[in-house]
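Note sheet for the following structure.
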Amino acid sequence: MDILVLLKQVPDTESMISIADDGVSIKGDGLKYVINPYDELAVEQALKIREAQGGTVTIVSVGSAKTEQAIRTGLAMGADKAVLIDATGMMIDGLGTAKIMAAAIKELPCDLIFAGHRAVDDDNYLVGPATAEFMGIPNISMAIKAEVQDGAIVCQCTVEGGTKDVKAMLPALVTTQRGLNEPRYTSLPGIMKAKRKPMDVKTVADLGLDAAELKPLVTIKSMSQPPERKGGRMIEGDSVQAKVAELVRVLHEEAKVI
Amino acid sequence: MCDGDQKGVAIMAQVIADRRDVDFVLFEQLDVEQLTQFGKFEEFNRKTIDMVISEARNLAVKEILPTQQDGDSQGCKFENGIVKVPESFHRAYKHFIEGEWLALPEDPEYGGQGMPRTVALATSDFFNGANYSFMMYPGLTHGAALLVEAFGTKKLKDLFLKNMFTGTWTGTMLLTEPEAGSDLGRLTTTAVKNEDGTYSITGNKIFISSGEHNLSENIIHPVLARIEGAPEGTKGISLFLVPKVWVKDNGALGGFNDVICTGIEEKMGIHGNSTCSLTLGGKGQCRGYLLGEENKGMRAMFLMMNEARLLVGMQALSCASASYINAINYARERIQGRHLLKVMQPDAPSVPIIQHPDVRRMLINMKAYVEGMRSLLYYVGLLTDKAAQTDNEQERVKYQGMIDLLIPIAKGYVTDRSHDVCNNGMQVYGGYGYIREYPQEQLVRDCRITMIYEGTNGIQAMDLLGRKLGLNQGKPIMDLMGEVQTTIAKAKEFETLKPLAKDLEKALNRLAEVAMTLGASAMSAKALNAFSFAVPFMEASGDVVMAWMLLWRAAIARQKLEGKAKKKDQKFYEGQIKSAEYFIQSIIPVTMGKMDAIMISSPSIVQIEEDSFGGK
């Protein structure tokens, strides 16, 4: 079984993010980058299915030269090979990324695709379903269970307040939700082996796409930091009784919580 | 990991050790990539090392650090000869051995990873800082396996090595007995040769770290014992390999080998590690294999001693490093007291305690020591890698001499100062530092044993003065001083570092003088007097080595600042220069005083009559 994983490199969730001078992007300088955590779930699920059924796991990523680091981490977890579409310097939105993914996948043997349901940097929820759409294959979103059974993928997915069981014939694309699995840690031998695993680097032009059709349909107008957390407020009063009375008044009248 | 958990990760951003500092030592100060010149390490370029350290840190933060408090509060439980480790240790151990982190520098043929020791040390900076009482299980396993690798026959290597390097079985080291602690020559455990070539072992051992526990199905004990009829003292000691469960020649587990745990110690710290009393052959059923030659057990011990002592230094540094990171985070957030210059203004706001001069004094003191000690330990690691790989015999002898000379400092001085750092780390927290809700008091307790085990620090100091100073007619100390001179010359190229370089030069020259005088007196009729100043001499030597490491760092930082340092790196580099300034201007003057005291060598210590100590 040939399994693909769509992988994005995102700023480490430990990083302090600051807005660049242009006001519509973030400062990349000095940021540490990691695999998008939901894509880590995708790698793990692909490895699990490969371990059970045999086959290969290929990572597909759109990024730049530095994306190799995240890809190598996925290879160190156990994926077999990778394709990196180098789109350095291009402004691309989620739909554009999906177009590139679909074009790249067309050239690869593919029975099943896993992707994170969203990337934690821009929270678009778009690339997985849009890639499936461009490819004309079924998409299942937010899986917390995913098993291959008789040429189909059978999933349990989260929906508001509960779960649903769904099934699609292969090839299909499944996006991952937290709870699907616990991604493995990369082992030392895995790290050493990852260095020698094949990674194809292609450009957008290599895939027969031209920049015009990838022009973003959505542009970012501005970015702002969340409001800074305000300090706590001390309740003043001459006695404990007075302070309690004041606290009750504030909770009732100002915060309106009691 | 995703969603809500992100907050947890963000809080943990700076724990255990400062990644930037680890990278600085590896790549900017020591240029660890130079090791790729040796065929064995050609794959270990920066990218690979980065990935290894990142994954080690990841595992340490996510899986091992959460066991730190359990290890302390639950501790090990002893019942009917069985020891149970805290429940959470099992999961952490499983992840640790599945990732094959146990034997990083060892032979891949037997399950090792063939990695430079310097890189292995950097990973253990994070692993030990996460929970070193847990890390003692794999750590001692590694040490025991090294003995099998160095002294075992092909059969023993095939039977034991792979299972030990992969952590399937764990290991220990059985030296101490009730009457044989620092003086191993008095040990009484006996070995009698059997017809099949094995030996029957009988005796009692105490203070055995990881001696019994439920993390692995078998525990392999290297044991020091005396073959019947062997000479008295250390000359009659041999080394044996004694498994808890016998291993058949086909590798399968056999029967219980009569190694019984009779109790565990109640200790001040490292509660997560079982410190066991073991009875071997209580029922006459304990067998072992001879490791190496008869009566050469102590020699085998000495071969392993440098590595073991370096790792104890690393255990202590990890506590200090974690304590410092905690303290700096706390001092930035804890608001208490008005700014000193506004103390008379009743309406002035309270400020984070990092603004108070005395808190800053403690923080920069901790910073300077943690950085200097990290550089020293990694430097010894680098020398070890180079000594093992170089084809040039002259270079090898030089590196080995410097390792031998620096080990008592890397163990004795580093563990002493690390405990000081942990104490400061507790002090920064004020009253909260003393209570169990916060991590600081545990680090003080855990760190304390490192000053005692693997040769007390008094013994380290005597080793430095009595053996290492005069090694090869004093060539190692001359080589070391040459290296310090190189750094001084480099620092003098920068106008702003010149005064610091000159101060270090003065201290270095004074140390040379003190070493000559004390070294000579150690070999004279005044030996007792000289050795009563062994510890002050180790302190002075350590101080100078710290100042050297910090000036070395400052010279690199200066150079980077004069080039095009990235903005986020600027503060880091400026901080390096401040560490060196602080240490050389505030600590080294005290060191000069310590050296004056050594030169006076007050005879009071030796002369005072035992009865004059009073108390009876």
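Each chain gets a letter, A, B and so on, in the order the sequences are listed, and its residues count up from 1.
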B/Gln113 versus chain A, the contacting section by heavy-atom distance below 4.5 Å: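 Contact with chain A: side chain only.
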Under 3.5 Å, is there a donor-acceptor pair between the A/Lys8 and A/Ser61 side chains?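 Per modelled atom types, A/Lys8 and A/Ser61 side chains form no pair under 3.5 Å.
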Proximity breakdown for A/Arg72 and chain B, heavy-atom pairs closer than 4.5 Å: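 Looking at A/Arg72, backbone and side chain both touch chain B.
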Could you look at A/Ser15 and say if it's the side chain, the backbone, both or neither that has a heavy atom under 4.5 Å from chain B?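 Contact with chain B is absent: no heavy atom of A/Ser15 under 4.5 Å.
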Taking the six-membered ring where the residue is Trp, are the ring centres of B/Phe134 and B/Phe89 under 6.0 Å apart?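 B/Phe134 vs B/Phe89: aromatic centres under 6.0 Å.
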Is it the case that over 12 heavy atoms from other parts of the model lie below 6.0 angstrom from the NZ atom of B/Lys47?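 No, not enclosed.
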Kindly give the heavy-atom pair with the smallest separation between B/Arg117 and B/Glu307, and that separation in Å.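 Taking every non-hydrogen atom into account, NH1-OE1, 2.7 Å.
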